[in-house]
Amino acid sequence: MLLEVRDLYVEFRTRDGVAKAVNGVGYGVDAGETLAVLGESGSGKSVTAQTIMGILDVPPGRITGGEVLFQGKDLLTLKEEERRKVRGAQMAMIFQDALSSLNPVLSVGDQLGEMFVVHRGLSRKDARARAIELMDRVRIPGAGQRVRDYPHQFSGGMRQRIMIAMALALEPALIIADEPTTALDVTVQAQVMDLLAELQREYDMGLILITHDLGVVADVADRIAVMYAGRIVESAPVHDVYKAPAHPYTRGLLDSIPRLDQKGRELYAIKGLPPNLMDIPPGCAFHPRCPMAQDVCRTDEPPLYEVSEDRGSACHFWRECLHG
Amino acid sequence: MAEPILEVSGLVKHYPLTRGILFKKQIGAVRAVDGVDFDLARGETLGIVGESGCGKSTVAKMLVNLERPTAGSIRYQGEDITKLSGRALKTVRRNIQMVFQDPYTSLNPRMTVGDIIGEPYDIHPEAAPKGDRRRRVQDLLDVVGLNPEYVNRYPHQFSGGQRQRIGIARGLALRPEVIVADEPVSALDVSVQAQVINLMERLQDEFDLSYIFIAHDLSIVRHISDRVGVMYLGRIVEIGRDAEIYDHPTHPYTQALLSAVPVPDPEAREHRERIILAGDVPSPANPPSGCRFRTRCWKARERCELEMPPLAVPAVFAAGPAAHDSACHFAEAKQVVPAETAENAGTAENAGTAENAGTAE
Ligand SMILES: Nc1ncnc2c1ncn2[C@@H]1O[C@H](COP(=O)(O)OP(=O)(O)OP(=O)(O)O)[C@@H](O)[C@H]1O
Ligand SMILES: Nc1ncnc2c1ncn2[C@@H]1O[C@H](COP(=O)(O)OP(=O)(O)O)[C@@H](O)[C@H]1O
Ligand code: SF4
Ligand code: SF4
Ligand SMILES: [Mg+2]
Ligand SMILES: [Mg+2]
């Protein structure tokens with residue numbers, strides 16, 4: 001396995017109390033594989049990603065347990081300097097908001113070139129040539145002229161592609177894309193996802209795609225990990241989940257989306273709200289919203305049950321869910 | 001179609017582009033909306049979709065009089081509201097209310113929920129006697145599924161979905177006939193989105209509302225709309241009943257837009273044709289001549305550059321679901337959304353084309 005997160009715990013100490021953002025997350029991704037991490041906002045998707053990348057805000061954040069194994073090595077035990085070498089060169093991240101993650105006062109060429117100067121020791125001139133190459137690669141028309149332009153001079157879709165170029169510059173083994181297309185129109189989303197998938201195939205990268213869009217997941221993912229209140233509640237190959245979810249939360253999500261290809265009846269709506277992370281319900285965190293909840297759910301936290309060899313569900317009643 | 005409650009015709013909004021500070025000189029205009037026509041029937045939902053910047057919000061703002069049109073008319077029950085002023089305008093404005101996109105910024109953080117929902121009564125005191133307001137506000141909270149005891153709370157004490165309910169309650173305060181909802185669920189998580197959509201559908205039946213529903217999520221728009229208009233660079237390029245647009249689109253832009261929407265079914269990925277549009281949307285300050293879509297259209301020919309295609313039923317389609325308004329010289333029917341699987345077909349109300357053919361005027 002290229003990357004494996006094991007039993008990760010992260011919390012935030014704030015004035016109002018301790019927010020338990022990540023509560024025992026485990027997932028893994030192989031080279032050439034796409035893992036989609038799905039879940040509502042606040043479920044801990046980004047915090048997990050930031051921990052993997054080593055860019056978590058500490059404090060207020062605090063890692064209180066777990067391992068992040070990258071090519072077999074636990075990154076959480078590395079010194080910051082070693083960590084920095086891994087980041088950028090071997091794993092890179094793409095964010096939702098390209099404009100705020102690119103430097104507004106540096107031309108995109110300088111920003112792309114910088115990667116080669118710092119990590120590869122290239123001269124400015126060679127670095128610029130590589131920058132143009134990369135911009136070409138992510139299909140920025142007229143890359144040779146546009147290399148001197150600043151981020152704000154590009155459209156949203158182009159900026160996102162420039163960020164992809166930046167992430168790909170050093171040909172990392174792993175890319176984490178945190179809602180890379182959430183802010184984009186569908187047409188641009190299609191361009192960007194297309195590009196990302198193509199480059200992933202070409203470089204045989206592992207891709208962790210964080211999203212809440214069940215359509216995008218169905219389109220590109222090999223596996224899905226569904227998060228709720230800082231835990232993985234279901235983990236499975238993508239086809240299995242869409243055919244028959246093994247967790248009531250996953251089922252609720254699938255039933256609550258309107259579909260382009262059908263005009264259905266009333267949408268199913270998961271009742272209630274996501275939990276307050278300072279006060280996560282005991283037992284199964286989903287029980288106040290779960291239509292299948294029984295007494296045991298209020299007291300006993302479900303472990304990640306093995307549904308099949310490559311599938312897990314954190315629900316006491318996964319069998320009933322799967323077959324009902 | 002039932003008698004329209006709103007008739008929009010030739011609607012235009014140009015924002016001047018100026019240079020110079022002291023002596024402002026107009027050097028051009030952003031053609032945010034550039035000739036839009038549509039009707040809204042009583043009790044109907046018209047969805048409006050299109051990419052960012054195509055003019056959806058600008059249309060919405062003109063409908064509720066937050067912007068004055070540069071040209072064109074908006075008739076409400078037959079009367080052109082763009083020509084009204086003073087008292088007459090105020091009366092009409094009561095009947096067309098707006099719900100905004102962002103539940104995080106559209107509510108004043110320093111006002112209580114009661115004051116926010118009751119604010120329209122300050123502007124239209126005739127709508128509710130002072131002593132009766134609190135009760136009305138509590139009724140409204142109840143109607144949108146919030147606890148009436150929350151009147152004294154502040155917006156930050158609510159989640160995004162709850163804030164959107166507050167925005168809807170405010171929109172309902174004056175008992176309007178038309179609600180213009182600009183991306184009302186775009187900022188919400190899927191599970192909460194479903195709650196708000198269901199609420200809007202229930203309220204529509206309960207209060208006999210007509211909706212203009214603006215969104216860039218084409219699946220949601222299909223779910224809620226009776227008819228759908230597709231906008232591109234300030235104009236409507238195709239409009240029709242939901243099945244006409246989704247199952248029988250004839251405009252290349254609509255086809256590209258629909259084909260780009262990911263379908264939540266991993267089985268569909270292999271056998272789905274994707275039309276990936278090249279390039280970006282041109283600037284509305286300098287739109288292409290002729291057909292505005294021609295710089296990205298794979299079917300463009302010389303005629304497209306010279307002649308602006310009118311929004312009308314293309315002559316090649318005499319009848320059937322492809323016979324709806326489409327602004328393309330070379331309109332062709334093309335199915336881009338995969339046909340429903342048999343399993344889904346049972347639950348869909350509107351799948352058959354026969355039914356649609358029967359009800360087209
Ligand atoms: N006050 C203004 N002054 C100048 N230009 C404006 C103004 N308001 C809007 N525009 C321009 O008009 C065009 C249409 O804007 P509008 O907000 O209607 O788009 P939209 O379709 O609602 O987009 P989105 O999906 O991003 O909300 C855009 O190019 C926008 O930049
Ligand atoms: N820097 C921070 N300080 C305090 N709380 C934080 C911080 N970053 C994230 N959190 C909290 O951690 C939880 C999980 O957040 P996140 O991982 O960003 O969710 P998402 O699944 O939407 O990506 C949220 O409750 C969030 O408010
Ligand atoms: S464990 Fe109980 S409450 Fe939790 S998801 Fe399963 S049935 Fe629902
Ligand atoms: S009129 Fe021409 S350019 Fe416009 S959509 Fe039709 S074929 Fe394309
Ligand atoms: Mg996030
Ligand atoms: Mg808008």
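In what follows, chains are A, B, ... by sequence order, proteins preceding strands, each numbered from 1. Atoms considered below: every heavy atom in the structure, side chains included; atoms not considered: hydrogens, waters and symmetry mates.
Atoms CZ and CG, from B:F158 and A:L273 in turn, are 11.0 Å apart once rounded to the nearest 0.5 Å. Separation of atoms CD (A:E266) and CG (B:N198) is listed at 4.0 Å; rounding is to 0.5 Å. Rounding to the nearest 0.5 Å places CE of A:M193 at 9.5 Å from CZ of B:R274. With rounding to the nearest 0.5 angstrom, the CG atom of B:L258 is 5.5 Å from the CG atom of A:L260.
Remark: side-chain polar atoms of A:E40 are not paired, donor with acceptor, to backbone N or O of B:V190 under 3.5 angstrom. Between the A:D219 side chain and the B:P262 main chain, no donor and acceptor come within less than 3.5 Å of each other. At distances below 3.5 Å, at least one donor-acceptor pair connects side-chain atoms of B:D189 with backbone N or O atoms of A:S41. For B:E51 (side chain) and A:V186 (main-chain N/O), no donor-acceptor pair under 3.5 Å exists by modelled atom type. Between the side chain of B:Q195 and the backbone N or O of A:I270, at least one donor-acceptor pair lies under 3.5 Å. Between the side chain of A:D185 and the main chain of B:S52, a donor-acceptor pair closer than 3.5 Å is present.
Heavy atoms closer than 4.5 Å to chain A are found in both the backbone and the side chain of B:L257. Heavy atoms closer than 4.5 Å to chain B are found in the backbone of A:V217, but not in its side chain. Only the side chain of A:M158 comes within less than 4.5 Å of a heavy atom of chain B; its backbone N, CA, C and O stay farther away. For A:R289, the part lying under 4.5 angstrom from a heavy atom of chain B is the side chain only. At a 4.5 Å heavy-atom cutoff, the contact between B:Q162 and chain A is made by side-chain atoms alone. The part of B:I224 that comes within reach of chain A is its backbone (N, CA, C, O), which places non-hydrogen atoms under 4.5 angstrom from that chain. Interface residue B:I197: only side-chain heavy atoms are found under 4.5 Å from chain A. Contact annotation for B:S283: neither backbone nor side-chain heavy atoms come within less than 4.5 Å of a heavy atom of chain A.
Minimum interatomic distance between B:A194 and A:Y268 (heavy atoms only, all atoms of both residues): CB-O, 3.4 Å. Annotation for A:V220 and B:R269: closest pair C-NH2, 3.9 Å, computed over non-hydrogen atoms.
The neighbour count for B:R202 CZ, taken as heavy atoms of other residues, nucleotides or ligands under 6.0 Å away, is above 12. Heavy-atom neighbours of B:E149 CD from other residues, nucleotides or ligands within 6.0 Å: at or below the threshold of 12.
For the side chain to side chain contact (heavy atoms under 4.5 Å, CB included) with A:P258, the qualifying choice from B:D217, B:L218, B:I220 is B:I220, the only one to do so.
Checked for salt-bridge contact, A:K243 and B:D265 miss the test: no charged N lies under 4.0 Å from a carboxylate O.
Using a 4.5 Å heavy-atom cutoff, the side chains of B:S219 and A:R259 are not in contact.
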